[in-house]
Amino acid sequence: MAILSILEYPDPKLRKKALPVEVVDDSIRTLLDDMLETMYAAPGIGLAATQVNKQKRVIVIDITEEKNDPLRLVNPEVIWTSGTEEMDEGCLSVPGVFEKVSRAEKVRVKAMGYDGNYFELETEGLLAVCIQHEIDHLEGKLFVDYLSPIKRHRARKKLEKDRRQKATNPDQKKSVL
Ligand code: K1U
Ligand code: ZN
């Protein structure tokens, strides 16, 4: 397995649209394995192939604290939604920024799994939000696109400031601990 490099906003590669997977073969299973390892290492609760510069409709998610319930979705499609809710979101491609986004409260999703067989999943809460966030990535959409221009500007400024600080003092976190 391998840890992949995660693209960061405003990299234009994050805007590319992912292509459907024809067959779940060993190359897709390797991508799924590498993405899960990358997501756990980040750490995060979801990752889309677009974020690791692969234009394939592949996402991984694990919302458990124990990191022991991975969900692997190939060609995920939301086939039903109900309600709306607002929840705080973050993104590994927009590190350090957390903002409220309104999305469907419940979703039913159809996808292929690790074995290439289709299955359906109905869910709500954080998992439903995370699935919608990751499918957005496959369309080249980021959670900051839902924010007001002022909040988006603020997010971009924060990212730039954090990057400048990291470049000046890359060991800052270590020295604080
Ligand atoms: O797609 C991504 O960039 C991953 C993103 C998923 C997500 C989080 C929250 C709401 C919607 C989608 C993240 O994982 S951000 C990091 C994060 O939320 C987290 C990290 C460590 C522990 C718990 C959560
Ligand atoms: Zn994200």
Side-chain angles (χ1 to χ4, degrees), residues 1-19 21 31-78 81-109 111 121-148 151-152 154-156 158-160 162-163 166 173 176-177:
M1 290 212 282
I3 292 185
L4 308 170
S5 163
I6 299 175
L7 299 173
E8 288 192 6
Y9 179 73
D11 193 318
K13 293 192 271 300
L14 285 167
R15 299 303 184 177
K16 289 188 180 174
K17 241 181 134 167
L19 297 170
V21 171
L31 176 60
L32 284 161
D33 292 343
D34 290 348
M35 283 173 59
L36 267 180
E37 194 179 13
T38 305
M39 180 194 79
Y40 286 134
I45 57 169
L47 191 69
T50 312
Q51 293 176 278
V52 292
N53 201 21
K54 308 270 191 250
Q55 282 75 51
K56 298 206 185 302
R57 300 192 77 81
V58 171
I59 65 176
V60 294
I61 293 175
D62 190 344
I63 62 161
T64 65
E65 268 181 37
E66 301 77 20
K67 301 179 176 182
N68 62 2
D69 194 14
L71 195 55
R72 305 165 178 92
L73 304 178
V74 177
N75 295 345
E77 249 181 279
V78 174
T81 66
S82 154
T84 53
E85 75 174 329
E86 217 178 34
M87 206 183 265
D88 264 327
E89 295 195 17
C91 181
L92 296 175
S93 296
V94 193
V97 175
F98 295 87
E99 292 285 354
K100 282 205 183 327
V101 175
S102 177
R103 298 195 187 263
E105 185 188 358
K106 293 181 185 174
V107 295
R108 188 167 183 84
V109 182
L121 167 74
E122 195 173 310
T123 189
E124 59 189 301
L126 181 58
L127 183 53
V129 167
C130 199
I131 288 172
Q132 293 171 80
H133 177 113
E134 302 311 333
I135 292 178
D136 267 358
H137 273 304
L138 303 181
E139 296 299 320
K141 191 160 185 163
L142 295 164
F143 86 108
V144 290
D145 300 344
Y146 293 99
L147 305 181
S148 66
K151 283 190 175 172
R152 195 160 50 244
R154 204 170 65 190
R156 210 169 158 149
K158 183 180 187 309
L159 273 176
E160 285 166 8
D162 289 353
R163 271 179 206 141
K166 207 173 160 192
K173 264 193 181 162
V176 167
L177 286 174

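Ligands are counted one by one from 1 in listed order, and the atoms in each one are counted from 1 as well.
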Nearest non-hydrogen contact to atom 7 (C) of ligand 1 from the set Gly46, Gly90, Cys91, Pro43 belongs to Gly90

Taking only non-hydrogen atoms of Gln51 and a 4.0 Å limit, the atoms of ligand 1 in range are 1 (O), 2 (C), 3 (O)

Near His137 (heavy-atom distance under 4.0 Å), the atoms of ligand 1 are 1 (O), 3 (O)

Among Ile61, Val60, Ile6, Ile45, the residue with a heavy atom nearest to atom 17 (C) of ligand 1 is Ile45

His133 NE2 to His137 NE2 via the Zn ion (ligand 2), rounded to 10°, gives 110°

The atoms of ligand 1 lying under 4.0 Å from a heavy atom of Leu92, numbered in the order shown, are 2 (C), 3 (O), 4 (C)

Atoms of ligand 1 under 4.0 Å from any heavy atom of Gly44, numbered from 1 in the order shown, are 14 (O), 20 (C)

Ligand 1 atoms nearer than 4.0 angstrom to some heavy atom of Glu134 are 1 (O), 2 (C), 4 (C), 6 (C)

Ionic contact status for Lys166 with Asp162, cut-off 4.0 Å = no

### Message
Using side-chain heavy atoms (C-beta onward) and a distance below 4.5 Å, is Glu105 in contact with Thr84?
### Response
no

Open item on the list: Please determine whether a side-chain nitrogen of the Lys or Arg among Glu85 and Lys100 lies less than 4.0 Å from a carboxylate oxygen of the Asp or Glu.
Closed with: no

Notebook entry, point to check: Is atom 22 (C) of ligand 1 less than 4.0 angstrom from at least one protein heavy atom?
Noted result: no

Just checking Glu65: does its CD atom have more than 12 heavy atoms from other residues, nucleotides or ligands closer to it than 6.0 angstrom? no

Short version for His133: what comes under 4.0 Å of ligand 1, heavy atoms counted, is side chain

Do the numbers put Lys151 on top of the ring of Tyr146, so that NZ or CZ is under 6.0 Å from the six-membered ring centre and no more than 45° off the axis?
no

Exactly one of Asp62, Thr64, Ile63 clears side-chain contact (heavy atoms from CB on, under 4.5 Å) with Leu127, and that residue is Ile63

Exercise for the section: Could you tell me whether Asp136 and Arg103 make a salt bridge, using a distance below 4.0 angstrom between a side-chain N and a carboxylate O? Expected result: yes

